[in-house]
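One structure is given below, encoded as structure tokens.
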Amino acid sequence: MEKETSRLGLVGAPRLWAVAILAVTLVGAGALRFGGQQAAGPAPAAVVPAANTVGEPAVASAAERAVLAALAPGDRPEGCIQPDRRINLYAVELPKDGTQIRLGYGLTPETASYPGPLIEMIEGECLAITLHNQIPAATLEALRRDPNIPLGVSLHTHGVKYTPTSDGTIHTDSYVPPGGQRTYIWYAKPRNTSTGSQGTAGYWWYHDHLGGGPHGTQGIGAGLFGGLVVRRQGDVRPDRTYVTAFGDLQSINLRRGAATDTCDPVNPVPGPTCIIADKGERVEFLVIGMGNDMHTFHLHGHSWADTRTGTVDGTNKAIVDSVPVIDNKTIGPGDTFGFQFLAGDSVGAGNWMVHCHMQFHSDQGMSTMMHVLNPDGTLAAHSADHAPVSAAGAPAAHSGHQAGTK
Amino acid sequence: MEKETSRLGLVGAPRLWAVAILAVTLVGAGALRFGGQQAAGPAPAAVVPAANTVGEPAVASAAERAVLAALAPGDRPEGCIQPDRRINLYAVELPKDGTQIRLGYGLTPETASYPGPLIEMIEGECLAITLHNQIPAATLEALRRDPNIPLGVSLHTHGVKYTPTSDGTIHTDSYVPPGGQRTYIWYAKPRNTSTGSQGTAGYWWYHDHLGGGPHGTQGIGAGLFGGLVVRRQGDVRPDRTYVTAFGDLQSINLRRGAATDTCDPVNPVPGPTCIIADKGERVEFLVIGMGNDMHTFHLHGHSWADTRTGTVDGTNKAIVDSVPVIDNKTIGPGDTFGFQFLAGDSVGAGNWMVHCHMQFHSDQGMSTMMHVLNPDGTLAAHSADHAPVSAAGAPAAHSGHQAGTK
Amino acid sequence: MEKETSRLGLVGAPRLWAVAILAVTLVGAGALRFGGQQAAGPAPAAVVPAANTVGEPAVASAAERAVLAALAPGDRPEGCIQPDRRINLYAVELPKDGTQIRLGYGLTPETASYPGPLIEMIEGECLAITLHNQIPAATLEALRRDPNIPLGVSLHTHGVKYTPTSDGTIHTDSYVPPGGQRTYIWYAKPRNTSTGSQGTAGYWWYHDHLGGGPHGTQGIGAGLFGGLVVRRQGDVRPDRTYVTAFGDLQSINLRRGAATDTCDPVNPVPGPTCIIADKGERVEFLVIGMGNDMHTFHLHGHSWADTRTGTVDGTNKAIVDSVPVIDNKTIGPGDTFGFQFLAGDSVGAGNWMVHCHMQFHSDQGMSTMMHVLNPDGTLAAHSADHAPVSAAGAPAAHSGHQAGTK
């Protein structure tokens, strides 16, 4: 709040992740509409917006609208006359993690990652997403568990509105075979105060629903998932967003042990496995539960209101007094929540643990750090690695794995 | 909301379930007070009420009140001078599911089912329930795990008020031996604005607390459970209610795989394993967690506010902006929640998955469909069964099982 | 509410626990600031305060403030100029439970217990806690699972603000080796209505984060945990508070089966394993999830609002109508919640089960009672023990174990 400019946005580094919130100009998309992780060369000059509030969705030009109108004819949830903009999403195979097949979604094939790019919408927007399945058929065959399921992957989302043909499921035939493409239409339906309709603003996720079987279990497990945030007009924008998916084998974003924190101690660059912030930055977490296990997300030194945004209107005493404030939250598979907070507020710079509080999960490597940086941009010193280097097999299974590198 | 009349109520079919919300006139009960599932012959003419709001509890006649006053003397929670009405509940043995013993509660012995009948109350009401244990002693003996526990079953409820003698537990001796009966008194205590008392309106469940052991584990597991909804004056009534209990062995209402969806493709009839709705109908889900596992309830294409009713007063911006909207929710054993929503709102007719998002649960058959019907009353076409027919043993264990038939 | 005085406070008994809410005068602490369990001789004359509301934090004298100012120099979260008061906390080894090592925190070495003393703060307060590690090195060696972790224990807390040097973690070197001591500074940051900051009022817990490994798994499992409640000015104080931690091996406060209820039937004395209340008393539960498992906390006959305090401002209809009322709640490790309610309200005196609703947990002994006493102070009669005496091994493993005795 009090800070004037972000130092982190100016940090760049080859061969590592950059920048959780990144402006990507697409058909009809205003600046800063989409946030995504991107394998970086030199980082753009100003990638981290100052905290501000969400305004009206951008309006496409007449020419753009003509193009958009032709997309996925007939696939329109009520309220979406036609898409306001479009993005391409590529499903690709990433280098194996040991013997583990890894897949990712990306705004380009080259930037595919797990989690996939953060997709940001504003209530009222209608978004077309063209999914290109570039995963080799042999890879999908290797993942398949149910011979009755065709080879392919899909895009299923939570929270926003879509018709059955954008469901991403086998029974609706809304998947994409290898080499194919398909356009899905998502509508961020706004709240309607006269009917009490609650809108779609929230923290959601999107994921495959076909890879391996009818629920996409193997596709998700290999990396086909990402965060979706729908904002409401008037919401405060964060300075940066981190997506953390808690999954099987005690993994955070499919990584565990030493691999959950890849921050360079001298020149840290933000990314899914390098969670950093300047003190006072408005940071947003989007937390996803996935897989087969229950988890609890715990953040040291920081807390949030258990509301839609993690904050609460401070002027409404009755609500503020009712809402629980928490620093630990249970998530089951499919659950998502998110929250905004000021990094280091009151507690200062330092290395703040982010971990599952299920003890055997954290002991086996389901633990990372949020680094609130020193004023000089370095990570605060810490006397010992938090990773259980002696835990049998855990970090070893991921040894040599560099987050997001290809 | 916009629809004038319900077509579904006019659909009848032999040998299948009928009608989630059904008017049952009992002692002192007004029309439509109780909803329950019923094995149907021809369905009643008008079983689905239009959406409306909950009013005052019905008042029994003087003659009825004299009868009610004599019930279960001494068993009165504070605020209940005497019961306002009474129902009978029968605990019976149902045909085995393979070798699996199945029990059910019913408003009559013939209509017993799992889940049992939905019981609906209005805050302020006091209800007498006479439980008749018609389960053979030999069956209870077969279920018993603890030789120190007497043979019997009971009625334990959540949410509403009752004295220890209506607790349904072994240590209060409030159970029913085979062949016996016992009257339990439940009071839907209203909120009290002067003391801040929060009332009892909510989505609850009732269940056995004795069969097999001191926590009724085997009784519940065999089918002795059902939904209870307590409404508040001014609440909106749904058009139809579905109770879904997520339990062990990856079951929804103790069924899994193909058995979780028994809708006839041409002539679907609503029931616990045939979830259908006309587009625009106000549907209510009451979700129960039971057994030994965690689950997450996920519904495709629809979402709800994480509040008492799933909706929120749209005119109160501070509350609307605080409340999370979700489409996936974790439930542990004993947890219940419910929500109302408009079927197919924005997303249209189609076959919308309802499943546990714990991947190995859904892969093993913990998945069904909410069918938002085509305008002609048929189910929308779908290209493939969602059930994992190749999953070893899962559907086979229920092969030939028809929901609720006897 | 309606009661004039508490009878329970006058009950005393040697060799048993006394009194959940106990006034302890410490440096700068006003009366009734700290609640804690204590091994009792004759109980103090008036230990249970009448229900009242939380006021301003007490102000230390000038002399006291000079002493407090010298504590833990440099370790001050923003907003804490210096501590307002200090307590000592002793980590000691307790007698083994069979072969199980047991540890406890205490306000004195003699009163150490599991759970440790309830610590109560008011928003705006800054508290210094000096932890004295009196656990033998050999005991910590026996608990250690990771040879890279030094011997020691620590104090990590949830919810309130602290700098990295009060984090209680290995990577911050903020632990205490055997024989050592260390002062931690906690700040109960108040809400700020102008910034929307939500404050720190809530139900939290504190625990070891080093014993056995980098997450303190063995320290916590042996008993190094306790409850922390932060109140907001204007909050209503309870008459008594019970802390119940649901942990591994189906334990409540590390005890299960018969050991979870140690109330003397004639002369019951309140404590962690003797949950009693007079009818109408305002009772508070602080529920902690810990260990490796999910649990659900269920209380018979009583319910609460799912808010910060378990209650809700009854005059705000929109909020009251939105808030779910529950009697069963899922808790994962690290989760905490709490609630206030009037014991026996509407339902009367009796033995009300408190249990995990995960059926195999309750069947294996994860069950106790809240005894709402008869007017003569005795426990209501009950015909059979709720403990599964026939469950193989469960009660036997704790036979002869008396809660809190040394």
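Reckoned from all heavy atoms, side chains included, excluding hydrogens, waters and symmetry mates. The sequence lines fix the lettering, A, B, ..., with proteins before strands; numbering per chain opens at 1. Predicted, not measured: the structure shown is a model, and the values here were computed from it.
- The candidate from C/Asp248, C/Asp235, C/Thr217 with the greatest count of non-hydrogen atom pairs under 4.5 Å with chain A is C/Thr217.
- Across every non-hydrogen atom of A/Ser322 and C/Ile319, the tightest pair is OG-CG2, 3.9 Å.
- Note: C/Asp335 leads C/Asp293, C/Val160, C/Thr163, C/Asp335 in heavy-atom pairs under 4.5 Å with chain A.
- A distance of 9.0 Å separates OG1 in C/Thr169 from NE2 in A/His355, rounded to the nearest 0.5 Å.
- Residues of residues 200-209 of chain C that come within less than 4.5 angstrom of chain A, heavy atom to heavy atom, are C/Ala201, C/Trp204, C/Trp205, C/His207, C/His209 in numerical order.
- Per-residue heavy-atom pair counts under 4.5 Å with chain C were compared for A/Val372, A/Asn351, A/Asp321, and the maximum is reached by A/Asp321.
- With a 4.5 Å cut-off on non-hydrogen atoms, A/Asp306 does not touch chain C at all.
- Both the backbone and the side chain of C/Asn292 come within contact range of chain A, with heavy atoms under 4.5 Å apart.
- Contacts of C/Lys189 with chain A are made by side-chain atoms alone, with heavy-atom separations under 4.5 Å and no backbone atom involved.
- The pair C/Asp313-A/Lys317 fails the salt-bridge criterion, with no side-chain N (NZ, NE, NH1 or NH2) lying under 4.0 Å from an Asp/Glu carboxylate O.
- Chain C forms more heavy-atom pairs under 4.5 Å with one residue of A/Gly301, A/Ala349, A/Ala305 than with any other, namely A/Gly301.
- Screening residues 345-379 of chain A for disulfide bond (SG atoms under 2.5 Å apart) gives no qualifying pairs among residues at least two apart or on separate chains.
- Note that the NE2 atom of C/His158 and the CD1 atom of A/Ile326 stand 12.0 Å from one another [nearest 0.5 Å].
- Applying the ring-ring contact (aromatic ring centres under 6.0 Å, His included) test to C/Phe246 and every residue at least two apart in sequence or in another chain returns C/Phe297.
- When each of C/Gly221, C/Gly79, C/Pro164 is checked for heavy-atom pairs under 4.5 Å with chain A, C/Pro164 comes out on top.
- Ring pair A/His298/C/His215: centre-to-centre distance not below 6.0 Å.
- Heavy atoms of A/His295 lying under 4.5 Å from chain C are absent altogether.
- Each of A/Gly310, A/Ser346, A/Ala318 has some count of heavy-atom pairs under 4.5 Å with chain C, and the biggest count is that of A/Ser346.
- Of the listed residues (A/Gly350, A/Ser303, A/Ala380, A/Gly344), the one with the most heavy-atom contacts under 4.5 Å to chain C is A/Ser303.
- Side chain of A/Asn328 to main chain of C/Thr336: no donor-acceptor pair is present (N/O by atom type, distance under 3.5 Å, no hydrogens or angles).
- Under 3.5 Å, the side chains of A/His300 and C/Asp167 contain a donor-acceptor pair of N or O atoms.
- Using a 4.5 Å cut-off between heavy atoms, C/Thr165 does not touch chain A at all.
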message: Would C/Met294 and A/Met358 count as a side chain to side chain contact (heavy atoms under 4.5 Å, CB included) here? Give the steps.
response: CA-CA 9 Å; C/Met294 301 299 302; A/Met358 217 168 258; 3.5 Å; yes
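- The most heavy-atom pairs under 4.5 Å with chain A, out of C/Gly213, C/Gly291, C/Gly159, come from C/Gly291.
- Between chain C and the options A/Val325, A/Val323, A/Asn316, heavy-atom pairs under 4.5 Å are most frequent for A/Val325.
- With sequence neighbours excluded, the residues that form a side-chain contact (heavy atoms from CB on, under 4.5 Å) with C/Val320 are B/Arg191, B/Arg232, C/Val312.
- Here C/Lys329 contributes atom NZ and A/Thr330 contributes atom OG1; the two are 9.0 Å apart, rounded to the nearest 0.5 Å.
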